[in-house]
Amino acid sequence: MATLAELRVQIDAVDDEIVRLFEERVRLGGEVGDYKIRNGMKIFDRQREQEKLKDVTDKASTEFNKKGVRELFEQLMAMSRKVQYRKLVEAGALGRLPFIGVDALDTSNARVVFPGTEGAYSQSAMQYYFGDKCNSFYVRTFRDAMEAIEEGAADFAVLPIENSTAGAVDEMYDLLVEFENYIVGETIIPIVHTLAGLPGTKLSDVERVYSKGVALMQASRFLDGHSGWQQISVANTAIAAKKIMEEQDKRQTAVCSAYAAKIHGLEVIADNINDDPNNSTRFIVVTNQKIFLKDAKKISICFEVPHESGSLYQLLSHFIYNDLNMTKIESRPVEGRSWEYRFFVDFEGNLAQPAVKNAIRGLREESRRLRILGNY
């Protein structure tokens with residue numbers, strides 16, 4: 001029986017041969033890529049790969065080895081595709097992505113829309129990004145804002161996409177898919193909730209609390225300490241404040257910002273009632289133009305994956321191979337197709353970079369319905 005040292009020598013010899021054969025396979029894969037580029041063929045041939053996987057799997061002697069061989073060759077073929085995508089970049093065959101790089105956003109005469117009403121957190125985010133003198137108007141819902149920029153009534157919209165405690169704003173992800181609008185900027189602002197009511201209102205007067213559902217959740221510890229209060233969800237925190245002033249009922253209060261309370265003539269009854277003192281929301285700036293800032297550093301995309309084992313893993317490998325740092329991934333159900341999902345990914349990069357073009361080409365070939373949501 002061989003000693004451990006002798007077995008390791010034999011393994012090293014096999015490994016050396018594997019490396020030699022791997023490099024030979026990569027070379028041949030590159031030649032295949034050259035042929036496909038010359039003849040205008042697609043890099044990814046799903047049918048050919050499935051036939052190849054069946055062939056090599058059938059040659060393995062045990063069920064364990066069959067699974068291992070299949071996994072090995074899936075990786076070999078994925079690596080071969082990446083080499084071929086890189087050749088496309090080097091040959092200039094990737095073409096231009098349908099986005100125009102600009103030095104700065106044209107905001108001089110821009111009209112900006114935000115959801116809610118005066119005093120909404122989205123208004124604060126808008127003013128932080130565009131300045132408090134910008135030409136703006138508000139609409140009731142996120143959808144209304146997306147429609148306003150799609151139709152040209154506004155040049156930009158400022159919309160919430162993620163909260164540090166509540167997570168993703170699911171509706172916004174769905175709207176980004178539905179509308180032909182694109183992210184060109186982002187800003188993050190702190191969220192500080194207060195309980196506000198009509199002037200002179202005391203805690204003992206309160207029976208009902210109105211606010212956006214997420215805001216009620218973010219102040220749940222404070223609100224749950226008053227079990228007799230009825231919590232009622234409305235479209236927006238500032239809309240809740242406006243409702244309290246309009247209805248002139250001291251039994252009613254709103255969870256909103258101190259600014260919204262002031263704008264709508266309310267008095268702060270309890271300040272800073274957040275569960276998390278570091279609560280903040282990320283807002284995106286959206287337009288209907290396919291543009292990106294030339295110094296943009298983050299890209300958002302979405303795609304669907306084939307409903308089969310390993311498909312998401314294979315797609316995410318394009319980020320690793322091209323040294324791109326993925327910063328976020330979210331999933332949303334695909335409407336009308338039970339148990340199938342659309343993935344939203346944020347990663348660092350710029351659309352002008354070859355590595356980004358390479359990754360996007362691979363993702364486009366191997367996924368379903370890839371969309372670039374913006375570079376900002």
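Residue indices begin at 1 and follow the sequence shown.
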For Tyr313, enumerate each residue passing the side-chain contact (heavy atoms from CB on, under 4.5 Å) test, keeping only those at least two apart in sequence or located in another chain. Gln75

With a sphere of 6.0 Å drawn around CZ of Arg140, does it hold more than 12 non-hydrogen atoms of other residues, nucleotides or ligands? no

Is [X] salt-bridged to [Y], cutoff N-O under 4.0 Å?
| X | Y | answer |
| --- | --- | --- |
| Arg81 | Glu365 | no |
| Glu304 | Arg368 | no |
| Arg70 | Glu74 | yes |
| Asp103 | Lys294 | yes |
| Lys54 | Asp58 | yes |

Give the other cluster members for Ile263, using side-chain heavy-atom distances under 4.5 Å between Ile, Leu, Val, Met, Phe, Trp and Tyr residues; answer none if it is isolated. Tyr259

Quick check on the 6.0 Å ring-centre criterion: do Tyr321 and Tyr85 meet it? no

If hydrophobic clusters are built from ILVMFWY residues whose side chains come within less than 4.5 Å, do Leu312 and Phe347 share one? yes

Do the side-chain N and O atoms of Asn163 and Asn279 include a donor-acceptor pair separated by under 3.5 angstrom? yes

Only one of Lys328, Glu186, Glu162, Met326 passes side chain to side chain contact (heavy atoms under 4.5 Å, CB included) with Asp346; say which it is. Lys328

Check whether Tyr376 forms a cation-pi arrangement with Lys298 (NZ or CZ under 6.0 Å from the six-membered ring centre, at most 45° off the ring normal). no

